[in-house]
Amino acid sequence: RDDVESRGLGDVYKRQAVIYRQEILQDITLFTSQPKANFYSDLFLHLDLSEFSEFNANIGRKGFSNQAKLRAAIVMKCECFSCVTDLLDYLQNNLLIAHYCGFNIMKPLPSYWTLDRFINSLDNDLLQNLMHSQVKKLYELGVIDTSFIVLDSTPIMANTSQNNPKSFKKDKFNPDNQPKSDKDCALGVHTASNQHNEKKCEFYWGYKNHVPVDCITGLPIFELTTTADVSDSTVALDILSQTNSFLPVNECTFIADKAYDVKAIYNTVKDVYEGDCVIPLNKRNTKNPKKLSSGHPICEAGLAMNKDGKCRSEGRIRQKYCCPFRNSKSGCCPCNHKNWNNGKKHRGCTKYITVHDDYRLSIDRDCISFKKIYSLRTEAERYNARFKQTGQERLWGHSENAAKNLNTIAHIALLAVAYAAFITKSNYSVRCLKSAKRIA
């Protein structure tokens, strides 16, 4: 009898242990680290998606919520995943985060094709409006400041085998050899070295992401995705105009590298936005003639040249200098210049020097203040590094719209981290994603 009772109690204990084990397995909070769970809880709590429609207006099944899919895409960028398959594996193993995204974890999560179709077909204007609202909120809170703005672009490689350095395909970077996997990308070139004495460039198929960054906080205030063949200087004025439409950039200091050394940019920043430009001078293969202390150039024979009037061409004023023996009847050119014995009345060599009457050439680029302000341009490099770490250095999509959406979602994710950090008064920096997930 005692043995029977002991066996009965043992079975009860076993059944209770099985029940407890099942309850533990069903507790999704035990399979996600608490700091990371708190991070996504605060992130989505302060991310306003009210203007983003939850379901499509098409007739048929509702499917998954668009807001939930957008939050899942933000998780993909925060976890630095480069493709959707890694995101799905992560959500399957962290159902609590899938619950925070808005999915019903008692049912199957969306498939790869569902998220792929969502990112490829999503209207980028909706994401742009969401990003603009984030920037305006941070500006109203005093986090973002537009006193110093730095503009730079970063290359985004398309998902094609022609970008693979180990590929043996012939004429990979022939402009006529358009990749079949991405019909929207274009051929571009980017600098492969930051050394001033190395002129090493690499070609690639893909896109460019142009981002003006606030130098104070290192956060983006706007973004524009173009094909790789678009020059940086051609979209600078358009970026400033679109940024000023929702965020005032008046009296700003515009900082950029020498790729933006264009006269139209200087004049627009000064006249339209009443700001200043801190851009190094692009020599563009110009020659610096030898000059005297008075400013007169020296000819090939070593003689000082004389002024011969001014001329205006291409929107600039140039001072003309001529040979000192130009009107001499008995003089002789010491170096026997090719223009001396040309049989014309006005003989000898001529040189032109641009008069510094415009804003671009009047900037003193050797002063200490110019060099200190230009050193703030490294904020753009730092932000581009954080942007690439989100998995944006090489795309997994195959269209320009997918590239635009993935780039904008990456910026939205980084801005959401900054906003949540400021609102919750957390200890981590508004620009550091890794520390935010570690100590949230």
Side-chain angles (χ1 to χ4, degrees), residues 73 77 82-83 116-129 131-132 150-165 167 169-192 200-213 220-243 245 256-262 264-265 282 380-381 383-385 387-388 390-412:
K77 297 294 102 180
S82 59
C83 57
D116 178 78
R117 184 168 54 252
F118 170 75
I119 294 177
N120 280 277
S121 61
L122 183 62
D123 187 5
N124 187 253
D125 292 337
L126 299 175
L127 297 176
Q128 290 288 345
N129 294 335
M131 180 180 175
H132 296 171
V150 55
L151 178 61
D152 198 8
S153 65
T154 181
I156 307 295
M157 294 188 179
N159 189 4
T160 172
S161 61
Q162 293 172 223
N163 284 329
N164 188 354
S167 175
K169 188 175 182 179
K170 295 182 179 179
D171 300 329
K172 293 192 299 182
F173 301 115
N174 188 345
D176 298 329
N177 190 12
Q178 180 72 26
K180 296 181 180 179
S181 59
D182 193 341
K183 298 296 184 180
D184 299 331
C185 68
L187 182 64
V189 61
H190 69 96
T191 305
K200 184 179 179 182
C201 299
E202 290 183 355
F203 291 95
Y204 73 100
W205 288 97
Y207 307 89
K208 278 184 180 180
N209 189 241
H210 309 264
V211 184
V213 178
I221 59 178
F222 187 77
E223 70 93 21
L224 177 66
T225 301
T226 62
T227 53
D229 58 343
V230 176
S231 176
D232 294 346
S233 59
T234 58
V235 297
L237 296 180
D238 188 24
I239 289 174
L240 287 175
S241 176
Q242 295 187 45
T243 304
S245 63
D257 56 17
K258 62 182 180 180
Y260 299 88
D261 182 31
V262 179
I265 297 178
N282 191 348
E381 302 291 345
Y383 179 77
N384 287 337
F387 172 74
K388 290 181 179 180
T390 60
Q392 289 302 107
E393 190 169 8
R394 184 167 182 175
L395 299 174
W396 58 267
H398 299 278
S399 65
E400 185 176 4
N401 192 57
K404 291 181 178 180
N405 291 337
L406 288 172
N407 291 337
T408 310
I409 290 173
H411 295 301
I412 290 174

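Predicted model, so just to flag it, every value in this text is computed and none were measured. Computation of the quantities below employed the complete heavy-atom set of this structure, encompassing side-chain atoms and omitting hydrogens, waters and symmetry-equivalent molecules.
Residues L395 and A403 come closest through the heavy atom pair CD1-CB, 3.3 Å. In terms of heavy-atom proximity, W205 sits nearest to P175 at CH2-O, 3.9 Å. A pairwise comparison of heavy atoms in A402 and G397 identifies CB-CA, 4.4 Å as the closest pair. Of all the heavy atoms in P220 and M131, the pair that sits closest is CB-CE, 4.2 Å. Counting all heavy atoms, side chain and backbone alike, C201 lies closest to V189 at CB-CG2, 3.7 Å.
From N384, atom CG reaches atom OG1 of T154 across 4.5 Å, with rounding to the nearest 0.5 Å. Atom-to-atom distance recorded for S161:OG and K180:NZ is 10.0 Å, nearest 0.5 angstrom. Distance check: M157 CE to N164 CG gives 10.5 Å after rounding to the nearest 0.5 Å. Atom-to-atom distance recorded for K77:NZ and T390:OG1 is 5.0 Å, nearest 0.5 angstrom.
Considering only heavy atoms from C-beta on, V150 stays 4.5 Å or farther from P212 through its side chain. Within the 4.5 Å cutoff, side-chain heavy atoms of V230 are placed close to those of T227. Using a 4.5 Å heavy-atom threshold, the side chains of S167 and Q162 count as separate. Put simply, the side chain of C185 reaches to within 4.5 Å of the side chain of P179, judged on heavy atoms. Taking 4.5 Å as the limit, some side-chain heavy atom of V235 sits within range of a side-chain heavy atom of L224. Side-chain atoms of S233 and I265, non-hydrogen and from C-beta on, do get closer than 4.5 Å to each other.
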Exercise for review: Begin from the C-alpha positions of Y383 and V211 and carry the test side chain to side chain contact (heavy atoms under 4.5 Å, CB included) through to its verdict.
Suggested key: CA-CA 9 Å; Y383 179 77; V211 184; 4.0 Å; yes
Problem set entry | Intermediate values then yes/no, side chain to side chain contact (heavy atoms under 4.5 Å, CB included), T225 and I156 | CA-CA 9 Å; T225 301; I156 307 295; over 6 Å; no
| query | Please walk me through it: do D229 and L187 pass side chain to side chain contact (heavy atoms under 4.5 Å, CB included)? | reply | CA-CA 6 Å; D229 58 343; L187 182 64; over 6 Å; no
Next item on the list: Show your reasoning for whether side chain to side chain contact (heavy atoms under 4.5 Å, CB included) applies to L406 and W396.
Entry: CA-CA 10 Å; L406 288 172; W396 58 267; 3.7 Å; yes
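Checked against side-chain hydrogen bond (donor to acceptor under 3.5 Å, both in side chains), E400 has no partners two or more places apart in sequence or in another chain. Under the side-chain hydrogen bond (donor to acceptor under 3.5 Å, both in side chains) criterion, D232 pairs with S153, K208, not counting sequence neighbours. Under the side-chain hydrogen bond (donor to acceptor under 3.5 Å, both in side chains) criterion, D182 pairs with Y207, sequence neighbours left out. D184 pairs by the salt bridge (Lys or Arg N to Asp or Glu O under 4.0 Å) definition with nothing, not counting sequence neighbours. The side-chain hydrogen bond (donor to acceptor under 3.5 Å, both in side chains) check on N177 picks up nothing, with sequence neighbours excluded. In this view, D152 and R377 satisfy the salt bridge (Lys or Arg N to Asp or Glu O under 4.0 Å) rule, not counting sequence neighbours.
In this structure, the side chain of R394 does not engage the main chain of N163 through any donor-acceptor pair within 3.5 Å. Distance alone, capped at 3.5 Å, is enough to place a donor-acceptor pair between the T243 side chain and the I239 backbone. A donor-acceptor distance shorter than 3.5 angstrom exists from the side chain of S245 to the backbone of Q242, with no hydrogens or angles considered. Looking only at distances, no side-chain donor or acceptor of N405 sits under 3.5 Å from a matching main-chain atom of D123.
Counting non-hydrogen atoms of neighbouring residues, nucleotides and ligands closer than 6.0 angstrom, the NZ atom of K183 exceeds 12 such neighbours. Open room surrounds CD on E393; 12 or fewer heavy atoms of other groups in view lie less than 6.0 Å from it.
Using modelled atom types and a 3.5 Å distance limit, the side chains of N209 and E223 yield a donor-acceptor pair. Side-chain contact check for N129 and D125: no donor-acceptor pair (N or O, by modelled atom type) lies under 3.5 Å. With hydrogens and angles left out, the side-chain atoms of S399 and N401 include no donor and acceptor closer than 3.5 Å. No side-chain donor-acceptor contact under 3.5 Å links Q128 and K404.
Aromatic rings of F222 and H411 (six-membered ring for Trp) have centroids beyond the 6.0 Å cut-off, not under it.
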